[in-house]
There are 2 protein chains.
Amino acid sequence: MSTIREVAKVANVSVATVSRVMNEKGYVSEKARVAVLQAIKQLDYRPNRVARSLFQKRSGLIGLIVPDITNPYFPQLARAVEDMAHKHGYQVILCNTDEQFQKEHEYIQSLEAMHVDGLIITTNYSNNPNYETIEVPIVALDRVLQGAIPTVTSNGYDGGKKAAQFLLDHGADELVVISGPSKLPTIKKRRDGFEEVAGKHLVASIESPFHFQGALDAANYLFDHYTCNGIFAANDVIAAATIQVAAERGIAIPEQLQVIGYDGIELGQMISPPLTTIAQPIYQMGELAAKLLIQRIEGKEIAAVHHELTVEVIERETTKRKDEQI
Amino acid sequence: MSTIREVAKVANVSVATVSRVMNEKGYVSEKARVAVLQAIKQLDYRPNRVARSLFQKRSGLIGLIVPDITNPYFPQLARAVEDMAHKHGYQVILCNTDEQFQKEHEYIQSLEAMHVDGLIITTNYSNNPNYETIEVPIVALDRVLQGAIPTVTSNGYDGGKKAAQFLLDHGADELVVISGPSKLPTIKKRRDGFEEVAGKHLVASIESPFHFQGALDAANYLFDHYTCNGIFAANDVIAAATIQVAAERGIAIPEQLQVIGYDGIELGQMISPPLTTIAQPIYQMGELAAKLLIQRIEGKEIAAVHHELTVEVIERETTKRKDEQI
DNA sequence: TTGTACGCGTTATCAC
DNA sequence: GTGATAACGCGTACAA
């Protein structure tokens, strides 16, 4: 890899001139310009981003911290973040915390030490007081962080209410919610909204991990202990596990049991029957988070507001048709 | 963020001493050591990785280039790579090429310019002659690159053969393979293996994109033009789409049609009926690729060999039981 | 219009 | 044992 000095030598100018040509700053004669351009091409010169970062104190890197990349929700989010970042000339460093506080902490330290320009965080631990001490700009995505940190989520409370209303409207009257870990505020809201509308029709409210294997256990527990005809799962993976277990037990969906998920990931279309779900605008959420972050990075003061995007029901085949319910 | 100079000042020593303490190199008196440690703690000093990279010419970063992170196969791979990298003190930069040559090229340039220590590449374009000119160590994962580049794949040829044999053994005698883009050598092998064993039982061989939507189209095309009772899909996503379309058309699986996928991603367990598939050792592949890369980075000369891991059939419910077939 | 020289934060090589 | 000091490659005052 050649350096700016070699280019200067080949072009018979000084490094300053090369730099000026590269960054299109300051005056440089046409003759020098073409000589430099020529030399750059000849040597396949690309500026060393490390040295540049050191000087400029910006790295062009955005850290994206997710709890579990094998949960398909996060790749879709990551994809949106990456697209937007790429569009603005940033690169994304993706880190997996495994839901472990320790790993999250390590990654944040590490990313700060490598001078990322900003951080998008989709994990949170209520007992973590550190976010306020982080010097780089942060945006929280899908989860809510303490402190004055801009946040992007979907309206889970409304989503929960819509799910309950939808099930009731379609003839289910014994409702269950399989929530995720309720220590996550965004998750708790989904359950709260659901329970409020479900009212006296609520049969049970249980918790499940987000990963498929754990959700299978939760679903088995549910069917062992309760009977119901309408289930709201806190995410689509849990819904898929629920459907899987129902199928094993010979419970007909949607005839005997209606299921509605949350997220709107592609998985919902892949399973049979295709999943009715409360869809978050995942791509927009990722884009918005990235956009907010980049604005902050580039100096615009943005309010530490909470952006709560609306969700909508996508009706597929794990719920009854309106005309079937009668 | 405080610098080494500030630490030196607080501890009343020179920066050299601080550096020695940090890196545990060279002699330093116990008294100086505790003073430095004390100062480091007090200032919450962490060395600037950018400056360190500039000097050492290593960044502690590994670039991982994938074609599509929303295809669940790649997150599982990424997860393995990341775990192994993390274990050795490296961080992973994940980049999405969208199967576009242009983006891949940009990312590689960019990653080189930021002095990543190595590259793991899971995309390839037969018309890309550039890999040989890249200066950092490279390992190819799941795809085969030209030039003397170590490669990790699964034995797709054997996988294809196993799939055909399995279908034949379970009573299917009109076989179809829905392959992925055949310009990818690893994909082509799966098809070749299948076709060889299928022999005169092969009814059709069609191609499909890897993403779900495209695979739906391919499956519809298939059912419009051919009849068959055994399908081998080049990956699990295509298999899921095929099953979806079959369900829509009222084709009973596995009674009328048996389906076998390839990959062994978690999705296979999530769909109904659960998917019989040729499982790659995904996690091991990711680990191995990362391990090979790190070995090369750290100076060990490793042969540019092709590591081809074995695959195995995971029998689930999209194929008939042996005892049912009669 | 162009070149010299310095600083960014770190590590390594010398003298002391 | 320890402290100056010279790199690493880049960008930019400032002088020419």
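In what follows, every chain begins at residue 1, and chains take the letters A, B, ... in the order their sequences are listed.
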Original post:
Pick the nucleotide of DNA chain D nearest each of B:Leu54 and B:Val13; which residue has the one closer to the 5' end?
Top reply: B:Val13
Round to a whole Å and report the spacing from [atom1] of [X] to [atom2] of [N].
X       : N     : atom1 : atom2 : answer
A:Gln56 : C:dC6 : CD    : P     : 21 Å
B:Arg58 : C:dG9 : CZ    : P     : 22 Å
A:Lys31 : C:dT1 : NZ    : P     : 13 Å
B:Arg46 : C:dG9 : CZ    : P     : 15 Å
A:Ile4  : C:dG3 : CD1   : P     : 12 Å
A:Met22 : D:dG9 : CE    : P     : 15 Å
A:Asn48 : D:dG9 : CG    : P     : 7 Å
A:Arg49 : D:dC8 : CZ    : C1'   : 18 Å

Check this one for me: any side-chain N or O of [X] less than 4.0 Å away from OP1 or OP2 of [N]?
X       : N      : result
A:Tyr27 : C:dG3  : no
A:Asn23 : D:dG11 : yes
B:Lys57 : C:dT11 : no
A:Arg52 : D:dG11 : yes
B:Lys25 : C:dA12 : yes
A:Thr17 : C:dG3  : yes
B:Ser19 : C:dT11 : yes
B:Ser14 : D:dT2  : no
B:Thr3  : C:dC8  : no

Original post:
Measuring from A:Asp98:CG to B:His86:NE2, what's the distance to the nearest 0.5 Å?
Top reply: 9.5 Å
**OP:** Can you figure out which of D:dA7, D:dG3, D:dT2 approaches the side chain of B:Ala16 most closely?
**Re:** D:dG3
Subject >> Heavy-atom side-chain proximity of B:Gln91 to A:Glu106 below 4.5 angstrom >> reply: no
Original post:
Quick one: does B:Val92's side chain get under 4.5 Å of B:Val81's, heavy atoms only?
Top reply: yes
**OP:** Check step by step if side-chain hydrogen bond (donor to acceptor under 3.5 Å, both in side chains) holds for B:Thr123 and B:Glu99.
**Re:** CA-CA 7 Å; B:Thr123 53; B:Glu99 304 275 13; over 6 Å; no
Subject >> Flag, side chain of B:Thr151 to backbone of B:Val144, donor-acceptor distance under 3.5 Å >> reply: no
**OP:** Would you state whether a donor and an acceptor, one from the side chain of A:Arg20 and one from the base of C:dG3, lie under 3.5 Å apart?
**Re:** yes
